[in-house]
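Order of appearance sets the numbers: ligands from 1, and atoms from 1 within every ligand. Position 1 is the first residue of the sequence, and the numbers go up from there. The model shown is predicted, which means the values in this text are computed figures rather than measured ones.
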Amino acid sequence: MENLCEIDYINKKMAKELDKIYSVVSNVFKNDVSSGESLCPCMPSLKGRLAIDTTPKYWSDIRKEDFSIHLKNGHFWQTQCRARQHLAIIIPFRDRESHLKIFLNHIHPILQRQLHNYGIYVVEQANNDEFNRGALINIGYLEAIKDHSDYSCVIFHDVDMLPEDDRNLYNCLDHPKHLTVLINKSNYRLYYRTYFGGAGAIKSDVFEEINGMSNSFYGWGGEDDDLYNRLKSHGYKILRSSKVSRYTMLNHTEADAAPSRFNLLRMGTRRSKYDGLNSLRYKLLSTKRDKLYTKFRVTFKKSNIRRTIRYKRKSQKKNKPQKAKTFK
Ligand code: NGS
């Protein structure tokens, strides 16, 4: 029996009702979190709407904050109660150190208040090709489970997205959950019905079942839509909280959209069996263990990924999905 919370802000009606009883419930649970053996409550004591601090930060100041005290390598283990889930938070990354500081300063206290066990993994693309968000998330997942095999929930998270409300629970349910539903940049409206970008939570076994994300999307756009299509084709629906899933997006220059993305999307679900976790070839250049995060610096070759895909397509019928390889 998994430790999933039945309560969540999944639909508007429920959110309304929960909002009404929120203050009462949080006070009740505040007194209930005492024994190290008891399961953490689904609705821990939370703050609700948060102030968003986007001012530039120094690493040394962040490390002095209260939330840093019990962090090691970006990992936090609950001591007050038994956490329901163990989250691997995966951040695809390149050249955004100022955002990373603001993000970590903001997210750590939220995850700790939500009573999770978690590890934060920053996955940095070292090769100079266009950014490949899907491959980085896949690599982050594979390296995270090597680090700790008991991660039950994968959270992929763009570094520029700051949650505005800590009742937006970072946990996995049976179906994948989209976290970044309402973003300031879009005037707090959902971009489109099938949007699954920004940040989301997928159970680890579901992420493996769909073979992770596609490794083929270089440059901006489409890889999140492809993930949505993969999940749909495996019979999953995307859950969204209303009202509390609000985000501030940090400013940055917009990348050029990749012209190839529509073609890749069209063939996406057919390709998914041999383009994903099982076709990754990458090299782990270094692992940095910081108090606030673990960073994997990785490189992969465009041609390698493409060649693997072509090869797999020819031999698809004969071969079962293979384990990911690192190249030397
Ligand atoms: C869609 C992109 C998604 C992207 C979304 C929001 O058009 O990858 O916009 O982008 N899909 C395609 O291009 C096929 S945002 O405005 O947040 O940068 O996530």
Side-chain angles (χ1 to χ4, degrees), residues 52 54 89-96 98-100 102-103 106-107 123 125 129-141 154-165 168 170 176-202 207 210-233 236-242 244-272 275-276 302 305-306 309:
I52 302 290
T54 59
I89 316 273
I90 296 168
I91 303 164
F93 182 83
R94 184 161 68 182
D95 291 338
R96 295 271 190 95
S98 57
H99 285 180
L100 183 62
I102 294 169
F103 175 76
H106 187 73
I107 203 78
V123 194
Q125 180 172 332
D129 300 303
E130 303 94 314
F131 195 62
N132 189 329
R133 185 170 171 269
L136 291 168
I137 291 171
N138 285 342
I139 295 170
Y141 174 72
V154 193
I155 306 232
F156 59 86
H157 211 302
D158 286 354
V159 71
D160 54 5
M161 292 287 188
L162 305 178
E164 296 180 3
D165 193 312
N168 180 16
Y170 277 56
K177 180 156 78 165
H178 187 209
L179 295 166
T180 44
V181 183
L182 312 170
I183 305 171
N184 63 344
K185 189 184 155 196
S186 62
N187 291 322
Y188 298 103
R189 284 197 202 102
L190 181 65
Y191 278 124
Y192 47 95
R193 194 183 54 79
T194 60
Y195 175 58
F196 196 45
I202 306 178
F207 195 67
I210 61 162
N211 196 18
M213 292 181 71
S214 166
N215 303 310
S216 307
F217 289 79
Y218 281 84
W220 182 90
E223 81 296 335
D224 47 357
D225 303 305
D226 187 80
L227 175 60
Y228 178 92
N229 293 341
R230 280 183 185 214
L231 289 162
K232 282 304 257 193
S233 71
Y236 293 102
K237 56 184 180 195
I238 305 300
L239 305 173
R240 290 199 181 98
S241 310
S242 62
V244 293
S245 300
R246 294 168 65 90
Y247 283 76
T248 295
M249 190 180 191
L250 295 169
N251 292 329
H252 56 84
T253 46
E254 310 240 324
D256 293 337
S260 58
R261 67 196 193 287
F262 293 111
N263 272 340
L264 286 165
L265 263 178
R266 217 164 289 134
M267 303 289 286
T269 40
R270 276 170 59 190
R271 234 187 24 250
S272 65
D275 172 14
K302 217 173 196 175
I305 292 180
R306 294 239 167 102
I309 292 162

inquiry  = Between Asp256 and Glu130, is there a side-chain heavy-atom distance shorter than 4.5 Å?
reply    = no
inquiry  = Which residue and atom name correspond to the protein heavy atom nearest atom 1 (C) of ligand 1, and how close is it?
reply    =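 That would be Tyr192 OH, 3.3 Å.
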task = Just need the protein heavy atom nearest to atom 15 (S) of ligand 1, so name the residue and atom and give the distance.
result = Lys185 NZ, 3.7 Å
inquiry  = Evaluate Phe262 for polar contact with ligand 1, using N/O atom pairs at a separation under 3.5 Å.
reply    =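 No: no nitrogen or oxygen of Phe262 is under 3.5 Å from one in ligand 1.
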ask   = Looking only at heavy atoms, which two atoms of Ile102 and Leu162 are closest? And how far apart?
value = CG2-CD1, 3.9 Å
Heavy-atom pair with the smallest gap, counting every atom of Asp158 and Phe103 = O-CE1, 4.2 Å
inquiry  = Tell me if a side-chain donor or acceptor on Asn215 pairs with a main-chain N or O of Asp275 at a distance below 3.5 Å.
reply    = no
task = Would you confirm whether Arg261, through its side chain, and Gly221, through its main-chain N or O, come within 3.5 Å as a donor-acceptor pair?
result = no
ask   = Can you tell which part of Glu223 has a heavy atom less than 4.0 Å from ligand 1: side chain, backbone, both or neither?
value = neither
inquiry  = Does only the side chain of Leu265 get under 4.0 Å from ligand 1, or the backbone, or both, or neither? Count heavy atoms.
reply    =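 Near ligand 1, Leu265 shows its side chain, while the N, CA, C and O stay back.
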task = Determine the interplanar angle of the Tyr170 and His157 rings, folded into 0 to 90°, and report it as parallel if under 30°, tilted if 30 to 60°, perpendicular if over 60°.
result =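 It falls in the parallel class, under 30°.
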Side-chain donor-acceptor pair present, Ser272, Asn211, cut-off under 3.5 Å = no
If you count the atoms of ligand 1 from 1 in the order shown, which ones are under 4.0 Å from a heavy atom of [X]?
| X | result |
| --- | --- |
| Asp225 | 2 (C), 3 (C), 8 (O), 11 (N), 12 (C), 14 (C) |
| Arg261 | 12 (C), 13 (O), 14 (C) |
| Asp224 | 3 (C), 4 (C), 8 (O), 19 (O) |

ask   = Given Tyr195, Tyr228, Tyr191, Trp220, which one has a non-hydrogen atom that is nearest to atom 7 (O) of ligand 1?
value =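 Closest candidate by heavy-atom distance is Trp220.
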message = Tell me whether Gly222 reaches ligand 1 (any heavy atom closer than 4.0 angstrom to a ligand atom).
response =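 For ligand 1, residue contact (heavy atoms, under 4.0 Å) with Gly222 is present.
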